[in-house]
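A short write-up of the structure that comes next.
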Amino acid sequence: MRLIIMGPPGAGKGTQAKYIAEHFSIPAISTGDIFRANVSHGTALGIEAQKYMDAGEYVPDEVTNRMVRNRIDEPDAVSGFLLDGYPRTLAQVTELDGMIEFTGHRLDAVVVLTADADEIVQRLLQRAELEGRADDTEEVIRRRQELYAEQTAPLIDVYRGRGVLVEVDGMGDIDQITGRIFAALDVIPES
Ligand code: ADP
């Protein structure tokens with residue numbers, strides 16, 4: 001399976017990504033997690049990415065695209081993967097299309113988690129307390145939401161047009177949401 005999980009910041013993508021990946025025995029590839037790991041190890045990529053992340057801005061496409069290309073070339077991703085946090089721009093969609101086409105496979109589904117705006121801000125502020133992520137301050141959260149609406153939300157229409165969109169209500173218990181996602185994905189024939 002080659003899957004994408006999308007949704008506004010705080011919609012619960014990372015949480016659900018782990019369950020979906022386990023269910024289909026594929027790696028969950030989170031660009032945010034990879035960037036954060038690079039920041040904490042002080043790599044050149046981390047140093048480059050950090051200035052954007054701390055401000056809630058997107059890391060430039062060339063940097064992100066190269067990182068994803070390298071990651072999905074790894075052996076564990078040969079039989080499939082779930083992308084969390086990528087693509088986020090139309091340019092990244094085009095790039096990903098090329099990467100998947102090159103392998104002779106196709107994108108099976110794009111899961112979009114929908115969530116209520118007020119609930120999302122609450123979740124993010126709670127996460128800020130628990131995990132202390134540098135980009136979970138109110139001002140930066142607002143910027144990330146703005147960028148999502150401007151640059152990432154339009155991707156939903158693109159994937160809807162291709163008939164691969166699976167919209168799932170992201171409100172409720174974690175288990176309940178996982179159940180909804182599995183119910184929607186289990187009927188999709190594997191490529
Ligand atoms: P969120 O929880 O807000 O969805 P992530 O953990 O997925 O955030 O990503 C954190 C930050 O990493 C983003 O705000 C952005 O700076 C950077 N980032 C992650 N994925 C991408 C991407 N596909 N393109 C550009 N920047 C990205």
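Along the sequence shown, the residues carry numbers beginning at 1.
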Any pair counted as ring-ring contact (aromatic ring centres under 6.0 Å, His included), so long as it reaches residues 33-69, sequence neighbours left out: none
Those residues that, when tested against R88, pass salt bridge (charged side-chain N to carboxylate O under 4.0 Å, His left out) (two or more places apart): none
Nearest heavy atoms of T89 and D61, plus distance in Å: OG1-OD1, 3.1 Å
I20 side chain reached by I181 side chain, heavy atoms, under 4.5 Å: yes
Non-neighbouring partners of T43 that pass side chain to side chain donor-acceptor pair (under 3.5 Å), sequence neighbours left out: N38
With sequence neighbours excluded, residues passing salt bridge (charged side-chain N to carboxylate O under 4.0 Å, His left out) with D97: R162
Whether F182 and H23 hold their rings parallel, tilted or perpendicular, with breakpoints at 30° and 60°: parallel
For V187, the rest of its hydrophobic cluster, which grows through side-chain links under 4.5 angstrom: none
Close side-chain approach of L3 to L83, heavy-atom, < 4.5 Å: no
Point-to-point distance, once rounded to the nearest 0.5 Å, from CD1 of I4 to CG of L96: 5.0 Å
CD-OG1 distance between Q16 and T178, expressed to the nearest 0.5 angstrom: 3.5 Å
Pairing residues for R160 by the salt bridge (charged side-chain N to carboxylate O under 4.0 Å, His left out) criterion, not counting sequence neighbours: D157, E167
